[in-house]
Amino acid sequence: MLAVGIDTRRVRLRISIFGCGYVGLVTGTCLSEIGHEVVCTDKDVDKIATLCQGGLPIFEPGLEELIARNVEAGRLSFTADMGEAVRFGDTIFICVGTPPLPNGNADLSAIDSVARLIAVESRSAKLVVEKSTVPMQTGGILKRALATYGRKFDHGFSVASNPEFLREGTAIRDFLHPDRIVLGVSDKWTENQLRDIYRPIVEQDFVCPIHEADCSETASPTVIVTSMNTAELIKHACNSFLALKISYANLIADICEGLRADVEEVVRAIALDPRIGPFFLSPGLGFGGFCLPKDLQAFIRLGETANVDMSLLREVETINRERIDHFVDKARPALWVLNGKRIGILGLAFKPGTDDIRFAPSLELIRRLRDEHAQVQVYDPQAMENTKALFPTIRYCDTPHQVAEGADALMIVTEWDQFKSLDWEMVRHLMSRPLIFDGRNLLNGDEMAALGFEYQGVGRPMERRSMTTPAEVKQ
Ligand code: UGA
């Protein structure tokens with residue numbers, strides 16, 4: 001339940017947001033929640049229509065309620081008129097997509113067209129803040145683009161880089177209680193503008209919708225003021241390090257499988273070393289989503305343009321890419337042939353708490369299984385609609401239990417909490433063969449074996465008793 005109300009004594013700043021994806025919507029909504037006046041726009045008019053009607057084009061926990069409240073309070077609105085959005089804000093946040101090009105570089109065309117629009121439609125000076133993850137030096141290029149496109153008008157644009165560190169699924173919390181706020185600026189005025197925007201968050205001077213006004217447990221964020229180049233690099237370095245940790249955990253998992261050790265125990269022990277820490281060390285099917293894979297790729301390209309040997313991060317990428325091969329290779333001996341086998345997939349989203357399937361491991365897995373003519377049936381609490389657009393012909397089930405019906409194997413691909421508490425006894429009865437490949441180590445292998453399942457997790461020793469070949473099953 002979200003708490004209601006803001007401190008009305010605060011100065012309201014006028015802010016426009018370009019791009020109503022995960023980053024833009026959360027940024028705009030949270031900035032209105034802390035008291036600013038915000039207008040959001042997007043080139044996708046259908047998205048704006050949905051938002052104007054009170055709908056949400058994405059799933060993000062708590063966001064719909066927060067949008068509704070701020071719209072009602074008159075602090076947040078949506079418009080398809082991008083010129084109007086340009087003129088509204090004294091500060092404009094660019095939160096548009098920067099998808100990877102086939103060569104791995106980030107595609108900056110959306111940023112370029114927003115820059116042109118801002119330059120042409122502005123009627124006054126603006127602070128333009130780049131929040132999308134962009135290659136280094138984009139801030140400088142953006143500054144030059146604004147000056148070039150707007151040379152006839154001479155409004156004077158300031159540019160800043162303010163990378164976001166939001167995680168899908170917990171984005172509102174991450175925005176309102178960040179660990180750090182990075183301000184990449186080239187002058188004091190710009191720094192002060194951004195400090196004013198973020199002041200309520202830095203001073204924790206807002207009624208928190210998550211903690212119902214009691215945020216005493218959460219630390220204030222550190223504000224890091226730096227050059228634009230450094231700010232852009234911080235974002236790349238951060239996401240690439242997270243990717244590196246995950247691939248490292250997956251490497252350890254593979255070694256554990258080969259040498260009959262238990263990765264869960266290894267990780268638990270190494271995580272107790274404060275120099276390593278417990279986060280982003282869960283092995284499994286690897287990292288997906290729109291951020292880690294593409295940012296890693298773009299960072300590799302970036303390093304190479306600076307003549308730096310990026311083979312360390314190339315290996316991180318390779319380990320991640322091979323997770324699905326490895327998973328299917330593990331399933332094959334138990335299933336013998338995949339052709340004609342009914343495989344149930346639990347989880348499609350790239351991680352729990354989101355409907356996002358961009359670069360999700362589930363997609364590659366479905367492709368592989370279909371290539372080998374397996375019959376695929378799937379369930380996800382949020383991501384089915386998005387997946388239907390890519391795979392219209394696989395079977396979409398209404399419940400996880402339906403996925404189990406007649407299945408020769410179940411594959412757990414996203415670690416949604418609800419899968420943990422399924423009636424596994426019933427699942428076993430529904431399956432044609434009680435065989436589970438747990439790609440996220442969601443379940444307890446011993447408990448599953450005790451329930452009569454053949455169970456295989458990631459990087460856990462596989463007891464002979466819990467995994468058989470089809471020939472053994474028949475005996
Ligand atoms: C990531 C970063 O965590 C955010 O800080 C950043 O702001 C964001 O990218 C971005 O650049 O916009 P997000 O993509 O929402 O956030 O997802 P993560 O929580 O980082 O998870 C990424 C992937 O790694 C998921 O597929 C997840 O399943 C996987 N993962 C994560 C693991 O396989 N193991 C882990 O231990 C942790």
Quick one: list whatever passes side chain to side chain donor-acceptor pair (under 3.5 Å) with D46, sequence neighbours left out. none
Can a donor-acceptor pair be found between the side chains of D309 and S311 at a distance below 3.5 Å? yes
Could you check V458, N441, L251, D254 and say which one makes a side chain to side chain contact (heavy atoms under 4.5 Å, CB included) with V263? N441
State, yes or no, whether a side-chain contact exists between P352 and D417 at a heavy-atom distance under 4.5 Å. no
Of the non-hydrogen atoms in L176 and I201, which two are nearest, and what is the gap between them? O-CG2, 3.6 Å
E447: partners by side chain to side chain donor-acceptor pair (under 3.5 Å), with sequence neighbours left out: none
Could you pull out the closest heavy-atom pair between G55 and E64, with the gap in Å? CA-OE2, 4.5 Å
Do R358 and F350 form a cation-pi contact, if we require the NZ or CZ to be under 6.0 Å from the six-membered ring centre and within 45 degrees of the ring's axis? no
Do the rings of F175 and Y198 sit parallel, tilted or perpendicular, given the 30° and 60° boundaries? tilted
Under a 4.0 Å N-O cut-off, is there an ion pair linking R367 with E364? yes
Heavy-atom pair of closest approach, residues A80 and I48: N-CG2, 3.5 Å
With no hydrogens and no angle check, just 3.5 Å: does a side-chain donor-acceptor pair link E130 and S161? yes
Just jot down the salt bridge (charged side-chain N to carboxylate O under 4.0 Å, His left out) partners of E60, sequence neighbours excluded, or say none. none
What verdict does the salt bridge (Lys or Arg N to Asp or Glu O under 4.0 Å) test give for R195 and E191, after you've listed the backbone C-alpha separation in whole Å, the side-chain angles of each residue and the deciding distance to 0.1 Å? CA-CA 6 Å; R195 282 188 184 275; E191 175 190 335; 2.8 Å; yes
Indicate yes or no: does D356 engage K351 in a salt bridge with an N to O separation below 4.0 Å. no
Side-chain heavy-atom pair S16, V86 within 4.5 angstrom cut-off: no
Residues 268-292 vs side chain to side chain donor-acceptor pair (under 3.5 Å), sequence neighbours excluded, gives D273-R275
Look at E84 together with R87 and state whether they make a salt bridge at an N to O cut-off of under 4.0 Å. no
Do H36 and I197 have side chains that get closer than 4.5 Å, going by heavy atoms? yes
Below 4.0 angstrom, N of the basic side chain to O of the carboxylate: do E304 and R314 qualify? yes
Residues pairing under ring pair (Phe, Tyr, Trp, His ring centres under 6.0 Å) where one sits in residues 43-88, two or more places apart or in two chains, turn out to be none
When you compare the side chains of D112 and S109, does any donor N or O come within less than 3.5 Å of an acceptor on the partner? no
For F391, is the NZ or CZ atom of K388 found under 6.0 angstrom from the centre of its six-membered ring and inside 45 degrees of the ring axis? no
Does this structure show an ion pair linking E415 with K420, if we count only N-O contacts that are shorter than 4.0 Å? no
Partner set under ring-ring contact (aromatic ring centres under 6.0 Å, His included) for H236, not counting sequence neighbours: F299
Which heavy atom of A110 sits nearest a heavy atom of G97, and at what distance? CB-O, 3.7 Å
Shortest non-hydrogen contact between G457 and K330, atoms and distance: O-NZ, 3.1 Å
Closest approach of C256 and V266, non-hydrogen atoms and distance? SG-CG2, 4.1 Å
